[in-house]
Visitor: 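Before I ask anything, let me first share the structure, which is written out below as structure tokens.
Please read these numbers as outputs of a predicted model, since none were measured by experiment.
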Amino acid sequence: ISTFFVFGWSIFFIANMTYQFNRVYLMSFITLSGLFLVAASWQILPTGIKDKVIEIGVIFRGLSRKQLSSFLTANLLVSILRFIKFYFLAHLIGIDLSIIQSAFLIVAVHLSSILPLSMGGYGLLEGAIVIVIVNFGYSVDSGVMLAVLNRVGVWGCSIIGGLDWIHAVLRRNVFDTGEE
């Protein structure tokens with residue numbers, strides 16, 4: 001819900017509306033109205049979607065307050081780190097994004113990554129980055145450069161995590177065979 005709220009709110013910035021504070025009320029009202037309409041249309045949703053939403057709700061109800069707060073804290077931390085990553089990568093290559101533009105970039109990338117159109121979001125994430133950067137008035141080359149830097153960073157983190165996992169498996173196997 002929060003992703004769609006931020007996305008709906010960000011649509012107004014794409015439409016070149018001003019960042020005046022009084023517009024925030026209008027944007028929030030329209031976005032919340034849209035969420036209300038989605039909630040009101042619950043009855044016409046396909047059964048598969050409703051079952052999945054109910055399943056997620058059951059999982060969250062089974063969590064303790066500590067587990068839920070840890071989950072929410074971890075999600076907030078990941079969002080903040082993603083924001084910092086895009087903000088600094090963009091400035092590193094000469095794209096002077098504002099904080100609001102960086103936030104919109106994150107929302108666009110996040111929404112493109114949840115589309116079930118490719119394995120691991122390959123191409124979708126990069127396309128979203130390029131489209132947003134070009135809409136902010138920068139060249140396609142700048143957008144592609146930011147997209148490539150982002151993907152290389154993801155691969156780097158994945159390689160480090162994979163090596164750590166392999167190391168843990170090898171250590172477990174060595175200790176398991178040594179004790180038998």
Side-chain angles (χ1 to χ4, degrees), residues 1-38 56 68-168:
I1 290 172
S2 64
T3 298
F4 288 108
F5 179 77
V6 172
F7 178 72
W9 195 72
S10 301
I11 292 286
F12 291 92
F13 293 118
I14 290 180
N16 291 324
M17 292 186 79
T18 61
Y19 302 126
Q20 298 170 356
F21 187 69
N22 60 353
R23 300 268 188 193
V24 172
Y25 294 120
L26 173 65
M27 292 181 261
S28 299
F29 174 75
I30 291 173
T31 305
L32 288 173
S33 299
L35 287 174
F36 177 75
L37 289 173
V38 168
I56 291 169
L68 186 59
S69 64
S70 296
F71 172 76
L72 294 174
T73 302
N75 278 313
L76 181 63
L77 181 62
V78 166
S79 296
I80 290 169
L81 290 175
R82 182 180 260 187
F83 172 78
I84 291 170
K85 174 188 72 170
F86 275 115
Y87 185 77
F88 284 117
L89 279 178
H91 283 274
L92 178 72
I93 61 175
I95 301 173
D96 294 323
L97 294 180
S98 69
I99 292 174
I100 291 175
Q101 289 172 328
S102 297
F104 178 74
L105 179 63
I106 292 166
V107 170
V109 168
H110 178 71
L111 287 176
S112 68
S113 69
I114 63 174
L115 294 174
L117 299 176
S118 72
M119 298 286 290
Y122 288 109
L124 295 173
L125 298 171
E126 290 77 12
I129 292 170
V130 172
I131 288 170
V132 170
I133 293 300
V134 168
N135 281 322
F136 287 147
Y138 295 97
S139 69
V140 173
D141 294 341
S142 297
V144 170
M145 189 181 310
L146 182 60
V148 168
L149 279 174
N150 177 60
R151 185 56 73 181
V152 168
V154 168
W155 285 343
C157 290
S158 297
I159 289 170
I160 292 170
L163 291 174
D164 183 50
W165 177 77
I166 289 171
H167 182 260

Visitor: Provide the closest heavy-atom pair for Ala147 versus Val130 in the form atom of the first, atom of the second, distance.
Guide: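 Of all heavy-atom pairs spanning Ala147 and Val130, the closest is CB-CG2, 4.5 Å.
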Visitor: Heavy atoms only: give me the nearest Phe86-Asn150 pair and the separation to one decimal.
Guide: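 Where Phe86 meets Asn150 most closely, the heavy atoms are CZ-OD1, 3.7 Å.
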Visitor: Please tell me if the side chains of Leu97 and Ile133 come closer than 4.5 Å, counting only heavy atoms from C-beta onward.
Guide: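 A side-chain contact under 4.5 Å exists here.
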Visitor: Which heavy-atom pair separates Leu125 from Arg151 by the least distance, and what is that distance?
Guide: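 Nearest pair, atom of Leu125 first, then Arg151: CD1-NH2, 3.1 Å.
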Visitor: Taking only residues two or more places apart in sequence or in another chain, which ones pass side chain to side chain donor-acceptor pair (under 3.5 Å) with Trp165?
Guide: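 Testing Trp165 for side chain to side chain donor-acceptor pair (under 3.5 Å), a comparison that skips the adjacent residues, returns none.
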Visitor: What distance separates Leu81 CG from Leu76 CG, expressed to the nearest 0.5 Å?
Guide: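 With rounding to 0.5 Å, CG (Leu81) is 9.5 Å from CG (Leu76).
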Visitor: Using the test side chain to side chain donor-acceptor pair (under 3.5 Å), find all partners of Ser142 that sit at least two apart in sequence or belong to another chain.
Guide: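 Applying side chain to side chain donor-acceptor pair (under 3.5 Å) to Ser142 gives Ser139.
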Visitor: Could you give the distance from CG (Leu89) to CE (Met145), rounded to the nearest 0.5 Å?
Guide: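 Taking CG in Leu89 and CE in Met145, the distance rounds to 11.5 Å.
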Visitor: To the nearest 0.5 Å, what is the distance between CD1 on Ile95 and CZ on Phe136?
Guide: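 Here the rounded value is 10.5 Å.
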Visitor: If every non-hydrogen atom of Ile106 is compared with every non-hydrogen atom of Arg82, which pair is closest and at what distance?
Guide: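 That closest heavy-atom pairing would be CG2-CD, 3.7 Å.
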Visitor: So Tyr87 and Phe83, would you call those rings parallel, tilted or perpendicular, with 30° and 60° as cut-offs?
Guide: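 Parallel: the ring planes of Tyr87 and Phe83 meet at under 30°.
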Visitor: Can you measure from CG (Asp164) to CD1 (Ile159) and round to the nearest 0.5 angstrom?
Guide: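 Here the interatomic distance stands at 13.5 Å.
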Visitor: Between atom OG of Ser70 and atom CG of Asn75, what is the distance when rounded to the nearest 0.5 Å?
Guide: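 Here the interatomic distance stands at 11.0 Å.
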